[in-house]
A.B. asks: 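Got a structure for you, written out below as structure tokens; questions coming shortly.
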Amino acid sequence: VSIQGQLGGLGGEMPSEECADRVTPQGSLYRELPHIINTDGQYLFCRYWSPKTKPRALVMIMHGAGEHSGRYNELAELIMNESIFVFAHDHVGHGQSEGNRMVISNFQVYIRDCLQHIDHMKEKYPGLNIFLIGHSMGGAIAILTANERPNDFAGVMLIAPLITLQPETSTPTKVFLARLLNYVLPNIGLGSIDPNFISRSEEEVKNYINDPLNYHGSVKVSFAVQLLNTVARIEEILPKITWPFLLLHGEADKLCDINGSYHMYDTAPSKDRTLKVYTSAYHVLHKELPQVTSEVFTEIQKWIVKRL
Ligand SMILES: O=C1N[C@]2(CO1)C[C@H](C(=O)N1CCC(COc3ccc(F)cc3Cl)CC1)C2
């Protein structure tokens, strides 16, 4: 499956010899993998969880920074078993997609690519409700994607979304310095994500560390500034959100401040909104201690089915 993004004025046809041997960062041939080609001509690896029966809705999963769509297999299969077609892709610079690791020219590229994939799926399955699920940075992508098409989505589920900055790590001085540094040394690292903040489950921390499709390098200044700009964009649009949303956040989350979820719940005028807080839980609720993760899965499953 190879969907050509609308290449402006170039007629849209990639010369066949060029894409015939295009390979993923891991060396696999894109022509043998499900993929889309974004409007910058970058190949994005896709995953599809197709129900055996005729699908009664579509769900797109948006992964977070430094990870990839394969980490959502369990959640996607659970939803697929509700006769729902689940789809995802690895964002630019992530997993099996092209692009320098965790580098983005502008955060809007992530949203643009998601809208391209959504439009393709809507063509294939017209008339079906579409839901979004986003985790962490993927939650920010989901919020901004829904904001661009306020009436297009039946609901948005956010698992520990990036909405606001951690106060201790992002003081106004540090924010100012990051922006200043971005002009002189955009590629220096600010430090990498602490794997111990991912989950209380030792096994899941090990899985995160050992997953070769994850990026474990440092967050570059240029990437951090894109995240800062995104957080500012979200702050601006919260009061305009009217679509249904489900917020799930760990009380002990050290990577994305739970106050961002409280703030969205209090500020967005949506009538259909739910916030569930998981006591003592860390960031990745879908890979937390078994009790938490099973509750989260059930919560998501129920929330979607109720809104089909
Ligand atoms: O299962 C999963 N979850 C993952 C990894 O694997 C967690 C990761 C994810 O998306 N984030 C966690 C890190 C956070 C860093 O944020 C910043 C850093 C510097 C800065 F200056 C300003 C900001 Cl906002 C962004 C959001 C996805």
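Whatever order the structure lists ligands and atoms in, that order sets their numbers, starting from 1.
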A.B. asks: Does His135, backbone or side chain, put an N or O under 3.5 Å from an N or O of ligand 1?
C.D. replies: yes
A.B. asks: Return the closest protein heavy atom for atom 22 (C) of ligand 1 as residue, atom name and distance.
C.D. replies: Leu228 CD2, 4.0 Å
A.B. asks: Hey, is ligand 1 close enough to Ser170 that some N/O pair sits below 3.5 Å?
C.D. replies: no
A.B. asks: Return the residue, atom name and 0.1 Å-rounded distance of the protein heavy atom closest to atom 17 (C) of ligand 1.
C.D. replies: Leu227 CD1, 3.6 Å
A.B. asks: Considering non-hydrogen atoms of the protein only, which is the closest contact for atom 21 (F) of ligand 1, and what is the distance?
C.D. replies: Ala224 CB, 3.2 Å
A.B. asks: State the atoms of ligand 1, each with its element, that fall below the 4.0 Å cut-off from a heavy-atom position in Gly64.
C.D. replies: 10 (O), 27 (C)
A.B. asks: Run the ring-centre check on His89 versus His117 and record whether the distance is less than 6.0 Å.
C.D. replies: yes
A.B. asks: Whether the side chain of Gln116 engages the backbone of Ile37 through a donor-acceptor N/O pair (distance < 3.5 Å, no angle test) should be reported.
C.D. replies: yes
A.B. asks: With a cut-off of 4.0 Å, which atoms of ligand 1 are near a heavy atom of Val284?
C.D. replies: 1 (O), 2 (C), 3 (N)
A.B. asks: Just to be sure I'm reading this right: ignoring hydrogens, which of Leu177, Ile193, Asp194 gets closest to atom 13 (C) of ligand 1? Compare them by their nearest heavy atoms.
C.D. replies: Ile193
A.B. asks: Under 3.5 Å, side chain of Glu82 to main-chain N/O of Gln301, donor-acceptor pair present?
C.D. replies: no
A.B. asks: I'd like to know if the side chain of Arg56 reaches the main chain of Ile84, judged simply by a donor and an acceptor atom lying under 3.5 Å from each other, with no hydrogens or angles considered.
C.D. replies: no
A.B. asks: Is the shortest N/O to N/O distance between Tyr208 and ligand 1 below 3.5 Å?
C.D. replies: no
A.B. asks: Measuring from the heavy atoms of Leu162, does anything fall under 4.0 Å of ligand 1?
C.D. replies: yes
A.B. asks: Please classify the Met137 to ligand 1 contact at 4.0 Å (heavy-atom distances, strictly less than): side chain, backbone, both or neither.
C.D. replies: both
A.B. asks: Look at atom 24 (Cl) of ligand 1 and say which protein heavy atom is nearest, naming residue and atom and giving the distance to 0.1 Å.
C.D. replies: Leu165 CD2, 3.5 Å
A.B. asks: For ligand 1, is there an N or O atom under 3.5 Å from any N or O atom of His286?
C.D. replies: no
A.B. asks: Go through the side-chain N and O atoms of Gln26 and Gln96 and say whether any donor and acceptor fall under 3.5 Å apart.
C.D. replies: no
A.B. asks: Tell me whether the guanidinium CZ or amine NZ of Lys254 lies under 6.0 angstrom from the six-membered ring centre of Tyr282 and within 45° of its axis.
C.D. replies: yes
A.B. asks: Could you tell me which non-hydrogen atom of Glu98 sits nearest to which non-hydrogen atom of Gln42, and how far apart they are?
C.D. replies: OE1-CA, 3.5 Å
A.B. asks: Provide, to 0.1 Å, the distance between atom 1 (O) of ligand 1 and the closest protein heavy atom, together with that atom's residue and name.
C.D. replies: Arg71 NH2, 2.6 Å
A.B. asks: Quick check on contacts: which atoms of ligand 1 are under 4.0 angstrom from a heavy atom of Glu67?
C.D. replies: 1 (O), 2 (C), 6 (O)
A.B. asks: Among the heavy atoms of His283, does any lie under 4.0 Å from an atom of ligand 1?
C.D. replies: yes
A.B. asks: Output the distance between atom CG (Asn73) and atom CZ (Arg47), rounded to the nearest 0.5 Å.
C.D. replies: 7.0 Å
A.B. asks: Quick one: nearest non-hydrogen protein atom to atom 12 (C) of ligand 1, plus distance?
C.D. replies: Ser136 OG, 3.6 Å
A.B. asks: What heavy-atom pair brings Arg71 and Val284 nearest, and what distance separates the two atoms?
C.D. replies: NH2-CG1, 4.3 Å
A.B. asks: Could you see if Ile130 belongs to whatever hydrophobic cluster contains Ile241? Use Ile, Leu, Val, Met, Phe, Trp, Tyr and a side-chain cutoff under 4.5 Å.
C.D. replies: yes
A.B. asks: Among all protein heavy atoms, pick the one closest to atom 14 (C) of ligand 1 and tell me residue, atom and distance.
C.D. replies: Leu255 O, 4.4 Å
A.B. asks: Quick check on the 6.0 Å ring-centre criterion: do His91 and Tyr110 meet it?
C.D. replies: yes
A.B. asks: Hey, do the aromatic rings of His283 and Phe197 have their centres closer than 6.0 Å?
C.D. replies: no
A.B. asks: Starting from atom 27 (C) of ligand 1, what is the nearest protein heavy atom, named by residue and atom, and what distance separates them?
C.D. replies: Ala65 O, 3.2 Å
